[in-house]
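Beneath this line is the structure, given in structure tokens, with notes to follow.
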Amino acid sequence: MPELPEVETVRRGLEPHLVGCTIEEVRVHERRLRWPVERGFAQKLRGRIIRSVERRAKYLLLRLDNGDRLILHLGMSGRLLLLEPATPRRKHDHLDLRLSSHRRLCFHDPRRFGTALLWPASRRTHALLKNLGPEPLSDAFDGNGLFEKSRGRTVAVKNFLMDGRIVAGVGNIYASESLFHAGIRPGTTAGRIPRARYRRLAEAVRAVLGAAVEQGGTTLKDHGFVGAHTDPGRFQVRLAVYDRAGAPCVNCGTSIRRLLVGQRSSFYCPRCQR
DNA sequence: AGATTCGCCTGAGAGC
DNA sequence: TGCTCTCAGGCGAATC
């Protein structure tokens, strides 16, 4: 599933192909996404020029020449594809934006957990974004912030890390990975972790996500063209613990364990993580 | 307020 | 081969 590094890779792949393009025609084939695609969606986008392609958490934000924004989220299975005009529509192709570059930006999403919403220029904030915590790869994110926000909290640190209000865009996979690199067990109560360990955790989050973004970029180069074409899943970096239950820890060889934390699969090394 | 559970979906994989 | 069943997972909403 697209995690933050994959979304960033898609953003980088799309940016040069979208900025400056006019959206000439919009087709909505399926409005039943996570939230219904609004009436007037096509009409509001038609004729607009894309000024920038930004990312916040796992949301892609296409800023338009009139100040409106198009918010896109890939959910579990979403993909954004730049297609040649003649490419036939396939199953699960829900949105099609025909661009002045003569390509089509296609939103494809089998599970329809994805999102396509308009954020009008008249609104200063958007409900989906206004409570988001700092970007994990920005200077605004650090261990001190984690420590302070965690005081009095009884949730498992893994759930704490996946709470977008604490830090933006850390999903299930990278939460497990970061905790492994920080040497912290996923089920540990967030409020009982000392400051020094949160510093280490913040650095782990930064390192793991940063490396994955770089990896995406590298893979992107290998493919020569448009990261957005490719399956986000294939960018997956070599993961240390995620989905490796029973396999040996890369550090110590101990068998990796799977644990349910807040209904989600978590993976950890019982020896390296305390 | 914070913690937990639910619900939305389909494809993949397991089991028969 | 082909069917049925289970499960995964982002994340806001609903519930406790």
Side-chain angles (χ1 to χ4, degrees), chain A residues 1-11 29-38 55-61 71-80 89-95 106-119 125-136 146-179 186-193 205 209 212 231-236 239 241-246 256 258-267:
Chain A
M1 76 281 351
E3 290 259 351
L4 185 147
E6 286 77 21
V7 177
E8 176 60 21
T9 298
V10 169
R11 188 199 71 74
H29 303 295
E30 173 60 82
R31 8 182 44 99
R32 292 174 304 166
L33 302 183
R34 171 89 201 260
W35 289 283
V37 175
E38 72 174 76
R55 179 189 58 75
R56 179 78 172 102
K58 294 179 190 168
Y59 294 96
L60 287 168
L61 308 173
I71 303 178
L72 296 171
H73 194 291
L74 301 177
M76 288 293 302
S77 55
R79 294 165 70 178
L80 285 166
R89 183 160 83 89
R90 298 158 312 160
K91 198 177 179 184
H92 309 306
D93 286 352
H94 305 317
L95 305 172
C106 175
F107 184 85
H108 173 96
D109 185 9
R111 292 185 197 179
R112 309 208 316 263
F113 279 19
T115 297
L117 295 172
L118 291 171
W119 175 12
T125 59
H126 192 281
L128 288 179
L129 307 175
K130 69 176 180 206
N131 293 321
L132 285 175
E135 280 295 316
L146 284 182
F147 174 74
E148 260 127 50
K149 288 175 185 168
S150 67
R151 293 309 88 183
R153 299 289 305 269
T154 62
V155 275
V157 62
K158 175 157 176 284
N159 293 335
F160 179 71
L161 205 52
M162 290 175 65
D163 182 341
R165 296 166 300 183
I166 305 302
V167 54
V170 178
N172 198 43
I173 294 174
Y174 288 108
S176 274
E177 292 298 304
S178 301
L179 288 163
T188 311
T189 300
R192 294 197 198 280
I193 296 174
V205 169
L209 290 179
D231 183 351
R234 83 167 57 169
F235 291 129
Q236 221 149 276
L239 299 172
V241 287
Y242 186 80
D243 207 21
R244 293 194 63 241
I256 297 299
R258 177 176 180 270
L259 172 75
L260 277 184
V261 179
Q263 321 288 44
R264 319 217 91 98
S265 285
S266 309
F267 300 87

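By convention in this document, chain letters (A, B, ...) are assigned in the order of the sequence lines, proteins followed by strands, and residues within each chain are numbered from 1.
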Any side-chain heavy atom of A:F267 within less than 4.5 Å of one from A:R244?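 SC-SC contact between A:F267 and A:R244 ruled out.
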Student check: side-chain heavy atoms of A:L4 and A:Y174 closer than 4.5 Å: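 Side-chain contact under 4.5 Å: no.
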Roughly how far, to the nearest 0.5 Å, is the NE2 atom of A:H94 from the CG atom of A:L33?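 The NE2 atom of A:H94 is 6.0 Å from CG of A:L33, to the nearest 0.5 Å.
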With rounding to the nearest 0.5 angstrom, report the CG to CZ distance, A:L60 to A:F107.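 Result: 9.5 Å between the selected atoms.
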Can you build the contact string for nucleotides 1-7 of chain B? Use B for base contact, S for sugar-phosphate-only contact, and - for no protein heavy atom under 4.0 Å. -SSSS-B
The helix from B:dG2-C:dC16 to B:dC16-C:dG2: angle between terminal helix axes, five bp per end, to the nearest 10 degrees, reads 50°
For the pair made of [atom1] in [X] and [atom2] in [N], what is the distance, rounded to whole Å?
X: A:Y174; N: C:dC11; atom1: OH; atom2: P; value: 14 Å
X: A:L33; N: C:dC11; atom1: CG; atom2: C1'; value: 15 Å
X: A:R90; N: B:dT10; atom1: CZ; atom2: C1'; value: 15 Å
X: A:L74; N: C:dC11; atom1: CG; atom2: P; value: 10 Å
X: A:H108; N: B:dT10; atom1: NE2; atom2: P; value: 12 Å
X: A:I71; N: C:dG10; atom1: CD1; atom2: C1'; value: 16 Å
X: A:D109; N: B:dG11; atom1: CG; atom2: P; value: 11 Å
X: A:D243; N: B:dG13; atom1: CG; atom2: P; value: 12 Å

Does [Y] offer a backbone N or O that forms a donor-acceptor pair with the side chain of [X] under 3.5 Å?
X: A:R112; Y: A:G78; result: no
X: A:E30; Y: A:R32; result: yes
X: A:R151; Y: A:F147; result: yes

Using a 4.0 Å heavy-atom cut-off across all strands, classify [X] as base, sugar-phosphate, or nothing.
X: A:E3; value: sugar-phosphate
X: A:Y59; value: sugar-phosphate
X: A:R258; value: sugar-phosphate

Classify the side-chain pair A:R258/A:S265 by whether it contains a donor and acceptor separated by less than 3.5 Å.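 The answer is yes; a qualifying pair exists.
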Between C:dG10, C:dG12, C:dA8, spot the one nearest the side chain of A:H73, thanks. C:dG10
Nearest of C:dC11, C:dG12, B:dG11 to any side-chain atom of A:P110?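 Between C:dC11, C:dG12, B:dG11, the one nearest the side chain of A:P110 would be B:dG11.
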So, is A:R111 near the phosphate of B:dG11, with a side-chain N or O under 4.0 Å from OP1 or OP2?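 No, no such contact exists.
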Any side-chain N or O of A:H92 less than 4.0 Å from the OP1 or OP2 oxygen of B:dT10? no
SB check A:E38 A:R31 (cutoff 4.0 Å): no
5' precedence on DNA chain C between A:L132 and A:M76 (nearest-nucleotide basis): A:M76
Salt bridge (Lys or Arg N to Asp or Glu O under 4.0 Å) pairs, two or more places apart, involving residues 164-175 of chain A: A:D163-A:R165
Determine whether the aromatic ring of A:F113 stacks with the base of B:dC8, defined as ring centroids separated by less than 5.5 Å and ring planes inclined by less than 30°. yes
